[in-house]
Colleague: 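Below are the structure tokens for one structure; questions will follow.
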Amino acid sequence: MLAIFEKAALEAGRTIIAIFEEGCAVATKADSSPVTRADEEAERIILAHLARSYPDIPVIAEESVAAGHVPDIEGKAFFLVDPLDGTREFVDRRREFTVNIAYVEHGVPLAGIVYAPALGIAFAGKARHAEKLLVGADFTVTERIAITVRAPPAKRHALASRSHKSPATDSFLIEQAISQCTNIGSSLKFCLLAEGKADVYPRFGRTMEWDTAAGDAVLRAAGGTTVTMDGLPLTYGKTGGKADFDFANPDFISWGGKETALQMRMASGENP
């Protein structure tokens with residue numbers, strides 16, 4: 001399955017970069033988020049690959065959902081696709097945007113790929129094995145490097161959203177006594193945790209499942225965790241009243257190393 005994900009992501013990335021270099025118009029969706037031709041073309045490519053290889057597995061894809069195409073996933077395994085995560089970065093000519101594809105079963109992201117075509121890197125993970133892929137200018141993989149989370153150091157390094165940092169994030173960093181924080185766009189935050197370059201990513205405010213599933217799959221495969229504020233693992237396939245909006249995530253904390261009981265209590269707002 002990861003081989004199919006990789007092929008789809010690399011082809012989508014090639015198209016995204018061509019449009020990035022040409023420049024393109026930006027439209028606004030009903031939720032006020034931006035969308036470009038790159039989002040739409042990349043999703044078309046990915047959906048075609050998944051349909052050929054896995055015609056019986058439903059796909060929840062960002063632009064398709066925005067257009068009202070939402071297949072039934074009740075009791076089923078399914079794919080989550082964000083064809084261009086970090087559209088704001090793409091529009092602002094930053095290079096942190098990614099292609100995200102994930103497979104979810106029983107609410108758990110079991111496999112995923114995150115590809116940053118402008119940076120020439122990708123991250124993939126499944127079944128307790130994660131790797132970083134180096135991608136050449138011809139959009140082929142030139143090297144594969146096994147990655148894993150690091151043990152929490154004495155001074156932990158946090159990651160935060162470039163576009164959506166909040167006062168709650170600042171409060172969390174103070175409570176956790178974390179002074180070093182890097183702001184970065186897209187799902188790359190999960191991947192930096194997965195390869196041991198950072199330790200925690202707190203996210204307060206709405207994200208959608210297609211924003212997080214692929215990166216979360218990579219992180220979990222590398223030994224990390226993503227938990228909600230009650231300390232339970234973040235789940236996927238939240239529909240029909242399980243969330244305030246179908247496929248919306250609650251606040252969550254992603255940890256690079258395995259979280260301690262103290263971290264869990266602090267993340268959930270309990271007194272240590």
Colleague: Evaluate the side-chain proximity of V70 to I60: yes if any heavy-atom separation is below 4.5 Å, no if none is.
Modeller: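 Yes - at least one pair of side-chain heavy atoms lies under 4.5 Å apart.
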Colleague: With rounding to the nearest 0.5 angstrom, report the CZ to NZ distance, R52 to K7.
Modeller: 7.0 Å
Colleague: State yes or no: do I145 and I113 share one hydrophobic cluster built from I, L, V, M, F, W and Y residues joined by side-chain heavy-atom distances below 4.5 Å, directly or via other members?
Modeller: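 I145 does not cluster with I113.
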Colleague: Which atom names give the shortest non-hydrogen contact between I16 and P83, and what distance separates them?
Modeller: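 Taking every non-hydrogen atom into account, CD1-O, 3.4 Å.
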Colleague: Report yes or no: does D85 contribute a side-chain atom to a donor-acceptor pair with the main-chain N or O of T98 at less than 3.5 Å?
Modeller: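 The answer is no, because no donor-acceptor pair under 3.5 Å joins these two groups.
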Colleague: Does any non-hydrogen side-chain atom of L84 lie less than 4.5 Å from one of T87?
Modeller: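 They are in side-chain contact.
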Colleague: Check the pair V200, F172 against side-chain contact (heavy atoms from CB on, under 4.5 Å), reporting the backbone distance first and the verdict last.
Modeller: CA-CA 11 Å; V200 61; F172 174 86; 4.0 Å; yes
Colleague: Do the numbers put K132 on top of the ring of F123, so that NZ or CZ is under 6.0 Å from the six-membered ring centre and no more than 45° off the axis?
Modeller: no
Colleague: Using side-chain heavy atoms (C-beta onward) and a distance below 4.5 Å, is P58 in contact with K76?
Modeller: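 Contact flag for P58/K76 side chains = yes.
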Colleague: Determine, using the 4.5 Å side-chain heavy-atom cutoff (strictly less than), whether I4 and F139 are members of one ILVMFWY cluster.
Modeller: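 The answer is yes; both residues are in one hydrophobic cluster.
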Colleague: Drop me the distance from E40's CD to T15's OG1, to the nearest 0.5 angstrom.
Modeller: 13.0 Å
Colleague: Starting at CG of N249, measure out to OG1 of T228 and round the result to the nearest 0.5 Å.
Modeller: 10.0 Å
Colleague: Give, for atom CG of L193 and atom CH2 of W255, the distance between the pair rounded to the nearest 0.5 Å.
Modeller: 10.5 Å
Colleague: Counting heavy atoms not belonging to R128, are there more than 12 under 6.0 Å from its CZ?
Modeller: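 Check fails, neighbour count at 12 or below.
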Colleague: Would you call I253 and M229 a side-chain contact if the rule is heavy atoms closer than 4.5 Å?
Modeller: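 Yes, at least one pair of side-chain atoms sits under 4.5 Å.
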Colleague: Please report the closest heavy-atom contact between F245 and R206, naming both atoms and the distance.
Modeller: CB-NH2, 3.6 Å
Colleague: Specify the closest pair of heavy atoms between A194 and A222, including all atoms of both residues, with the distance to one decimal.
Modeller: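 Result for this residue pair: O-CB, 3.5 Å.
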Colleague: Run through V227, L232, T207 and flag the one making a side-chain contact (heavy atoms from CB on, under 4.5 Å) with F252.
Modeller: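 Answer after filtering V227, L232, T207: T207.
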Colleague: Between I101 and I46, is any pair of side-chain heavy atoms under 4.5 Å apart?
Modeller: yes
Colleague: To the nearest 0.5 Å, what is the distance between CG (L2) and NE2 (H129)?
Modeller: 9.0 Å
Colleague: Is any side-chain N of the basic residue among R220 and D216 closer than 4.0 Å to the acidic one's carboxylate O?
Modeller: yes
Colleague: When clusters are formed by joining ILVMFWY residues with side-chain heavy atoms under 4.5 Å apart, either directly or through shared neighbours, do M1 and V99 land in the same one?
Modeller: yes
Colleague: Identify whether L10 and L47 are in the same connected component of the hydrophobic contact network (ILVMFWY, side-chain heavy atoms under 4.5 Å).
Modeller: yes
Colleague: Return the minimal non-hydrogen interatomic distance between E21 and R93, and the atom names on each side.
Modeller: CA-NH2, 4.4 Å
Colleague: Side-chain heavy atoms under 4.5 angstrom apart, residues restricted to Ile, Leu, Val, Met, Phe, Trp, Tyr: same cluster for L133 and L219?
Modeller: no
Colleague: Nearest 0.5 Å, what's the CG-CG distance between N100 and L80?
Modeller: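 It is 10.0 Å, given to the nearest 0.5 Å.
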Colleague: Distance-only check: which donor-acceptor pairs under 3.5 Å involve side-chain atoms of residues 178-185, not counting sequence neighbours?
Modeller:
| residue | atom | partner | partner atom | Å |
| --- | --- | --- | --- | --- |
| T182 | OG1 | H157 | NE2 | 2.7 |

Colleague: Hey, is R144 close enough to E6 for a salt bridge, meaning N to O under 4.0 Å?
Modeller: yes
Colleague: Determine whether M208 and E62 satisfy the following criterion, side-chain contact (heavy atoms from CB on, under 4.5 Å), listing intermediate values before the conclusion.
Modeller: CA-CA 9 Å; M208 302 304 292; E62 180 178 12; over 6 Å; no
Colleague: I want to check a possible cation-pi pair here: K238 against Y236, using under 6.0 Å from ring centre and within 45° of the ring axis as the test.
Modeller: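 Relative to the ring axis of Y236, which defines the angle, K238 lies inside both limits.
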Colleague: So, E43 and S64: side-chain donor and acceptor under 3.5 Å apart, yes or no?
Modeller: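 Note: E43 and S64 side chains meet the donor-acceptor criterion.
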Colleague: Taking the six-membered ring of F90, is NZ or CZ of R95 closer than 6.0 Å to its centre and within 45° of its axis?
Modeller: no
Colleague: Between the side chains of D199 and R150, is the shortest nitrogen-to-carboxylate-oxygen separation below 4.0 Å, so that they form an ion pair?
Modeller: yes
Colleague: Taking C-beta and beyond as the side chain, do L188 and F97 meet within less than 4.5 Å on heavy atoms?
Modeller: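 No - every pair of side-chain heavy atoms lies 4.5 Å or more apart.
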Colleague: Is there a side-chain contact between K126 and Y103 (heavy atoms, below 4.5 Å)?
Modeller: no
Colleague: Do V135 and P117 make a side-chain contact, defined as non-hydrogen atoms from C-beta onward lying under 4.5 Å apart?
Modeller: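 Contact flag for V135/P117 side chains = no.
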Colleague: Which atoms form the tightest heavy-atom contact between Y201 and S161, and what is the distance?
Modeller: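 Answer, listing the atom of Y201 first, then S161: CE1-N, 4.4 Å.
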Colleague: Are F5 and F79 close enough that their ring centres sit under 6.0 Å apart?
Modeller: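 So the answer is yes for these two rings.
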Colleague: Please assess T226 against T212 for the test side-chain contact (heavy atoms from CB on, under 4.5 Å), listing each intermediate value before the final yes or no.
Modeller: CA-CA 10 Å; T226 297; T212 62; over 6 Å; no
Colleague: Does R14 pair with E41 as a salt bridge, N-O distance under 4.0 Å?
Modeller: no
Colleague: L50 and I57: side-chain contact (heavy atoms from CB on, under 4.5 Å), yes or no, with the steps?
Modeller: CA-CA 8 Å; L50 296 179; I57 299 179; over 6 Å; no
Colleague: Show the nearest heavy-atom pair for residues G215 and V114, with the distance to one decimal.
Modeller: N-CG2, 3.6 Å
